[in-house]
Amino acid sequence: MNWKVPGVAEAAAPITVALVDDQPLFRAGIRMLVQSQADMALAWEADDGGQAVALAAQDRPDVMLMDLRMPVMDGVTATRQIAEEADAAGVDKPRIIALTTFNRDQAVVEAVQAGASGYLLKSAEPEFLLAAIRTVYSGYSVIAPGSVHELFQHAARTVPVAGPDLSVLEALSPRERDIFLLAAKGLGNGEMAESLFVSEATVKTHLRSVLTKLGVRTRLQLVAFAYEHRLLG
């Protein structure tokens with residue numbers, strides 16, 4: 001028998017959030033914040049990366065807030081292992097938001113390269129953190145206020161590369177290279193379409209192909225890739 005009431009929509013399942021941080025006081029604050037939201041539910045907490053890897057394998061949350069600097073196992077290593085284990089198991093990876101104290105933190109770049117969907121400062125306003133959780137859950141990247149290009153430029157200076165490594169783009173067609181460079185510079189789909197005199201649908205198709213061929217998952221990782229290989233000067 002169908003007990004649904006006509007015209008009444010079913011409530012959407014809440015966004016499950018996991019918290020990984022070695023500071024109990026910080027976790028308590030985030031726990032209260034998440035539990036205060038009707039569309040979110042706290043999945044579990046961990047105080048080091050190794051514990052997070054084990055818990056994520058048993059109970060995969062939608063979104064993970066991952067501190068980058070922890071004892072036992074740091075957040076970058078944990079992010080990489082969680083992404084690799086999800087790939088090996090053929091399941092969706094949790095969307096991971098890296099948490100850092102410093103805006104210019106090399107570990108942030110490493111976390112993005114490892115599979116994080118973005119990063120936030122631990123001092124972020126509560127409303128910004130909640131918006132970030134909803135944003136990455138929807139499939140987009142998030143970054144702390146400020147210039148993401150400054151962050152990756154700063155990190156690229158520490159990488160001993162003599163010049164641009166154009167060989168990494170050999171798998172791309174000429175049009176895909178155009179899309180890659182424009183996306184790496186931060187242009188949106190509409191701006192790229194206007195610049196290249198093509199439709200936004202064409203841009204999206206080429207961009208998906210670029211991400212697949214380069215082995216990166218998000219546009220944020222694409223930016224990191226470009227700076228890592230000195231492709232933006």
Side-chain angles (χ1 to χ4, degrees), residues 9-23 25-46 52 56 59-70 75-76 78-79 82-83 86 92-105 107-152 183-191 200 204 207 211 216-224:
E10 292 185 38
I15 303 169
T16 54
V17 181
L19 174 60
V20 187
D21 194 284
D22 63 324
Q23 299 178 2
L25 188 60
F26 180 79
R27 290 204 312 273
I30 300 300
R31 182 193 313 128
M32 292 175 62
L33 183 64
V34 169
Q35 291 177 335
S36 71
Q37 303 301 299
D39 63 338
M40 296 182 190
L42 190 68
W44 45 261
E45 298 178 35
D59 181 9
R60 191 172 64 257
D62 296 319
V63 178
M64 294 181 67
L65 302 177
M66 178 77 74
D67 186 22
L68 294 182
R69 301 190 181 278
M70 297 178 288
V76 174
T79 295
I82 290 169
D92 292 335
K93 292 171 286 293
R95 301 188 184 279
I96 299 176
I97 301 175
L99 300 177
T100 180
T101 305
F102 310 104
N103 210 350
R104 287 190 173 185
D105 189 346
V108 168
V109 178
E110 295 172 0
V112 169
Q113 293 168 334
S117 296
Y119 75 99
L120 293 178
L121 296 179
K122 296 181 75 172
S123 59
E125 294 292 331
E127 293 79 7
F128 192 87
L129 175 62
L130 293 172
I133 292 172
R134 296 183 178 103
T135 297
V136 300
Y137 176 71
S138 298
Y140 299 94
S141 298
V142 295
I143 59 170
S147 173
V148 65
H149 290 277
E150 289 181 6
L151 169 69
F152 291 125
K185 291 176 181 178
L187 273 68
N189 290 348
E191 294 171 307
E200 285 194 44
K204 291 178 181 178
L207 186 56
L211 295 177
V216 297
R217 300 184 182 93
T218 67
R219 294 175 74 135
L220 187 58
Q221 288 179 325
L222 186 148
V223 176

Contact check, side chains of W44 and M64, non-hydrogen atoms, under 4.5 Å: yes
Test item: R31 side-chain N/O and L42 main-chain N/O as donor-acceptor pair under 3.5 Å: no
Step-by-step side chain to side chain contact (heavy atoms under 4.5 Å, CB included) determination, Y119 to L68: CA-CA 10 Å; Y119 75 99; L68 294 182; 6.0 Å; no
Side chain proximity check, L207 to L222, heavy atoms < 4.5 angstrom: yes
Euclidean distance, M66 CE relative to I82 CD1, rounded to 0.5 Å: 4.0 Å
Side chain to side chain contact (heavy atoms under 4.5 Å, CB included) between L121 and T100, intermediate numbers included: CA-CA 5 Å; L121 296 179; T100 180; 4.0 Å; yes
Heavy-atom neighbours of F26 CZ exceed 12 at 6.0 Å: yes
L129, L120, I96 screened by side chain to side chain contact (heavy atoms under 4.5 Å, CB included) with L65, the one that passes: L129
Atom CD of Q35 with >12 non-hydrogen neighbours under 6.0 angstrom: yes
OG1-CG distance between T218 and L211, expressed to the nearest 0.5 angstrom: 7.5 Å
Side chain proximity check, R134 to Q37, heavy atoms < 4.5 angstrom: yes
Intermediate values then yes/no, side chain to side chain contact (heavy atoms under 4.5 Å, CB included), N189 and R219: CA-CA 11 Å; N189 290 348; R219 294 175 74 135; 2.7 Å; yes
Verdict with supporting geometry, L130 and M40, side chain to side chain contact (heavy atoms under 4.5 Å, CB included): CA-CA 9 Å; L130 293 172; M40 296 182 190; 3.8 Å; yes
Min side-chain heavy-atom separation I30-E45 under 4.5 Å: no
Distance in Å, D22 CG paired with R27 CZ, rounded so as to fall on 0.5 Å steps: 8.0 Å
